[in-house]
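Presented below is the structure to which this report refers.
Residue numbers count from 1 along this sequence.
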Amino acid sequence: MKLAVVTAGLTQPSSTRLLADRLAEAVTHRTATGTGTRTGTGTGIEVRVIELRDLAVDIANNFATGFPNGRLREAIAAVTEADGLIAVTPIFSGSYSGLFKSFFDVLDNTALTGKPVLIAATGGTARHSLALEHALRPLFAYLRAVVVPTAVYAASEDWGGGHDAFTDGLGERIGRAADELAGLLQHRAPAARRDEGDEEQVVPFEQQLAALRPVE
């Protein structure tokens with residue numbers, strides 16, 4: 001099972017990368033132990049983290065030349081061949097960063113068809129959390145991905161904080177989103193196990209949604 005993690009943080013260290021790592025760890029644990037929304041046989045998972053900060057010049061050159069170089073081509077392959085995707089961006093001016101959008105602009109618009117995706121973002125204030133719903137979710141809907149219901153936003157005050165009577169803390173939101181992505185991954189045929197010449201096993205959209213519902 002392959003999981004790609006795309007993070008668009010610009011600084012080092014980066015809260016965007018920290019959130020991406022926590023999400024990947026949570027999904028990996030739930031997938032490996034079979035403790036997602038639907039329990040099942042545990043399986044190993046291979047995580048590939050793609051730091052867009054390191055690919056900024058390569059992405060710009062791709063727009064100018066029309067061709068990706070070796071590093072960018074490898075990153076694109078990691079995303080398109082993965083069984084699932086975690087995509088995390090900082091929020092700038094109420095939306096995803098230009099670097100984040102530029103990377104997904106260089107993908108073929110069918111590359112993410114049917115792929116389970118967990119979207120997340122970081123920002124200085126909780127007021128920008130709706131950017132996940134009005135910017136990121138429509139982007140991946142256009143790319144025909146299957147986006148899990150829970151999107152994770154981490155504001156500055158979320159780090160190290162708990163939760164009050166009305167809102168879940170960051171840890172709770174990460175856990176819920178990880179459960180949902182793990183539930184989809186457990187119902188998806190691992191790319192690494194498909195035999196050459198076999199057609200890709202596409203899980204019907206209704207069945208993927210059913211995987212998100214808790215077992216009674």
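- Evaluation of the side chain to side chain donor-acceptor pair (under 3.5 Å) rule for Asn61 yields no partner, not counting sequence neighbours.
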Carefully, step by step, assess Arg17 and Val49 under the rule side chain to side chain contact (heavy atoms under 4.5 Å, CB included). CA-CA 9 Å; Arg17 174 61 189 269; Val49 178; 3.6 Å; yes
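- For the pair Ala75 and Leu55, the tightest heavy-atom approach, listed with the atom from each and the gap, is CB-CD1, 3.7 Å.
- Screening residues 84-106 for salt bridge (Lys or Arg N to Asp or Glu O under 4.0 Å), with sequence neighbours left out, gives Lys101-Asp105.
- Rounding to the nearest 0.5 Å places CG of Leu23 at 9.0 Å from CG of Asp21.
- Residue pairs meeting the side chain to side chain donor-acceptor pair (under 3.5 Å) criterion with at least one partner in residues 6-15, sequence neighbours excluded, are Gln12-Arg53.
- Atom-to-atom distance recorded for Ser95:OG and Leu139:CG is 9.0 Å, nearest 0.5 angstrom.
- Side-chain N or O atoms of Lys115 include none that pairs as donor or acceptor with a backbone N or O of Leu85 at under 3.5 Å.
- The shortest heavy-atom contact between Leu19 and Ala121 is CD2-O, 3.5 Å.
- Asp58 meets the side chain to side chain donor-acceptor pair (under 3.5 Å) test with Asn69, Arg71; sequence neighbours excluded.
- For the pair Val27 and Ile86, the minimum side-chain heavy-atom distance is below 4.5 Å.
- In this structure Tyr153 satisfies the ring-ring contact (aromatic ring centres under 6.0 Å, His included) test with no other residue, sequence neighbours excluded.
- A search for side chain to side chain donor-acceptor pair (under 3.5 Å) contacts involving Glu133 returns Arg137, not counting sequence neighbours.
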Side-chain donor-acceptor pairs under 3.5 Å in residues 122-132, sequence neighbours left out?
from   : atom 1 : to     : atom 2 : distance (Å)
Thr122 : OG1    : Thr16  : OG1    : 2.8
Thr125 : OG1    : Arg127 : N      : 3.3
Ser129 : OG     : Ala126 : O      : 3.0

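- Arg176 places none of its side-chain heavy atoms less than 4.5 Å from the side chain of Val152.
- With sequence neighbours left out, Phe103 forms a ring-ring contact (aromatic ring centres under 6.0 Å, His included) with no residue at all.
- Contact record, Leu52 with Ala8: CD1-CB, 4.0 Å, taken as the closest heavy-atom pair.
- Nearest approach of Glu51 to Gly9, heavy atoms of both residues: OE1-O, 4.3 Å.
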Under the salt bridge (charged side-chain N to carboxylate O under 4.0 Å, His left out) rule, what do Asp158 and Arg173 come out as? Steps first, then yes or no, please. CA-CA 11 Å; Asp158 286 318; Arg173 298 198 300 274; 3.3 Å; yes
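- Here Leu10 contributes atom CG and Ser97 contributes atom OG; the two are 6.0 Å apart, rounded to the nearest 0.5 Å.
- Looking at residues two or more places apart in sequence or on another chain, you find a salt bridge (charged side-chain N to carboxylate O under 4.0 Å, His left out) between Arg48 and Glu74.
- Listed here is the closest heavy atom pair of Ala120 and Leu136: O-CD2, 3.8 Å.
- A search for side-chain contact (heavy atoms from CB on, under 4.5 Å) contacts involving Tyr142 returns Asn109, not counting sequence neighbours.
- Residue Gln186 holds its CD atom at 5.5 Å from OG1 of Thr31, rounded to the nearest 0.5 Å.
- The closest side-chain heavy-atom distance from Arg30 to Asp179 is below 4.5 Å.
- In this structure, Val146 and Leu184 have side chains that are in contact, with non-hydrogen atoms separated by less than 4.5 Å.
- Tested against Leu118 for a side-chain contact (heavy atoms from CB on, under 4.5 Å), the candidates Val147, Val148, Leu3 yield a single pass: Val148.
- Evaluation of the ring-ring contact (aromatic ring centres under 6.0 Å, His included) test over residues 45-98, restricted to residues two or more places apart or in two chains, returns none.
- Residue Val106 is not grouped with residue Val57 when hydrophobic side chains (ILVMFWY) are merged at heavy-atom distances under 4.5 angstrom, including chains of intermediate members.
- Here the OG1 atom belonging to Thr28 is positioned 5.0 Å from the CD1 atom belonging to Ile45, to the nearest 0.5 angstrom.
- Residues Leu181 and Pro116 come closest through the heavy atom pair CD1-CB, 3.6 Å.
- Not counting sequence neighbours, the partners of Thr110 by the side chain to side chain donor-acceptor pair (under 3.5 Å) test are Asp108.
- Taking CG of Leu72 as the reference point, atom CG of Asp54 lies at 12.0 Å (rounded to 0.5 Å).
- The backbone N or O of Val47 sits nowhere less than 3.5 Å from a side-chain atom of Lys2 that would complete a donor-acceptor pair.
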